[in-house]
> 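Please see the structure below; I have some questions.
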Amino acid sequence: MSQPKVKMYSLSTCSHCKATKKFLGECTIKYEFVDVDKLEGDERKAIIEDVKKFNPRCSFPTIIIGDTVVVGYKEKEIKEALGMS
Amino acid sequence: MTPQELYDRMKTVQEAKGYYFNKDKERTFELLEALIANKENYGYMGCPCRLLSGDKELDRDIFCPCVYSVPDIEEFGSCYCNLYVSQEWNDGKIPHEYVPERRPPEKMPY
């Protein structure tokens, strides 16, 4: 079964974001991520608007797995969305 | 300032209030390093788990320890970042639930 597309909006300083990256790495899940705190100016504004579409509170990490949005490092929800459980 | 110096300084102040550093030292020092990085980049020790605006006044509520850490530790035994926790949380006497964001959306300046 192919893996759903995984995209994460994260912060470079956030412990939950680091834990999520580590978890996905350990599970050998391919994913893209954007560290929003590292962006500046218009690019930052545009990405924040993207995050708000998925998670109006704009908290991190916001993880998009296929059609599912997981807010925060919630291992159980991430595994379910990945079809691992 | 080194993470160890920050640790030593905050430990004394916070433990007197009944708040403890997460006993997972790796996690704690990772967060302390992030706080020091935020101080260097933004000029203030804003929460490492939230997007800082760069405006000190707008982010005053999330200077670490943030104003939300008090009710979060009261309700969940831990702050949003899992940096400051209660003794019971560290002792594993209460479940380590994910702490939801308590900061009201209208406080977020973006």
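Predicted model, so just to flag it, every value in this text is computed and none were measured. Here is how names work: the chains are called A, B, and so on, in the same order as the sequence lines, proteins then strands, and each is numbered from 1. Any value given below was found using the heavy atoms of this structure, including those in side chains, with hydrogens, waters and symmetry copies removed.
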> Identify the heavy atoms of A:I48 and B:L51 that sit nearest to each other, and give their distance.
CD1-CD2, 3.6 Å
> Determine the minimum heavy-atom distance between B:Y98 and A:G72, stating which atoms define it.
OH-CA, 3.0 Å
> Ignoring hydrogens and angles, tell me if any N or O in the side chain of A:S15 forms a donor-acceptor pair with the backbone of B:L31 under 3.5 Å.
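No, because the side chain of A:S15 does not come within donor-acceptor range (under 3.5 Å) of the backbone of B:L31.
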> With a 4.5 Å cut-off on side-chain heavy atoms, are B:R50 and A:F60 touching?
no
> Measuring heavy-atom distances to chain A, does B:N38 have an atom under 4.5 Å in its side chain, in its backbone, in both, or in neither?
side chain
> Does atom CZ of B:R9 have more than 12 heavy-atom neighbours from other groups under 6.0 Å away?
no
> For the residue pair B:L52 and A:T13, establish whether any side-chain heavy-atom pair is separated by less than 4.5 Å.
no
> Identify which part of A:K45 has an atom lying under 4.5 Å from any heavy atom of chain B, answering side chain, backbone, both or neither.
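Neither part.
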> For B:R103, is there any backbone N or O sitting under 3.5 Å from a side-chain donor or acceptor partner on A:R57?
yes
> Give, as side chain, backbone, both or neither, the part of B:R27 having an atom under 4.5 angstrom from any heavy atom of chain A.
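Just its side chain gets close to chain A.
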> Quick check on B:D8: does its CG atom have over 12 non-hydrogen neighbours (other residues, nucleotides or ligands) under 6.0 Å away?
yes
> For the candidates A:K18, A:K74, A:E49, which exhibits the highest count of non-hydrogen atom pairs separated by less than 4.5 Å from chain B?
A:K18
> What residue, out of B:C49, B:C47, B:P104, has the most heavy-atom pairs lying under 4.5 Å from chain A?
B:C49
> In sequence, state the C-alpha distance, the side-chain angles, and the governing distance for A:N55 and B:E101, and then conclude on side-chain contact (heavy atoms from CB on, under 4.5 Å).
CA-CA 12 Å; A:N55 169 17; B:E101 172 61 293; over 6 Å; no
> Is there a path of hydrophobic side-chain contacts, each under 4.5 Å between heavy atoms of I, L, V, M, F, W or Y residues, that connects B:M1 with B:F21?
yes
> Taking the side chain as everything from C-beta on, heavy atoms only, tell me whether A:Y73 gets closer than 4.5 Å to B:N82.
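Of all side-chain heavy-atom pairs linking B:N82 with A:Y73, none is under 4.5 Å.
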> Would you say that more than 12 heavy atoms from the other residues, nucleotides or ligands in this model lie under 6.0 Å from the CD of B:Q4, or not?
yes
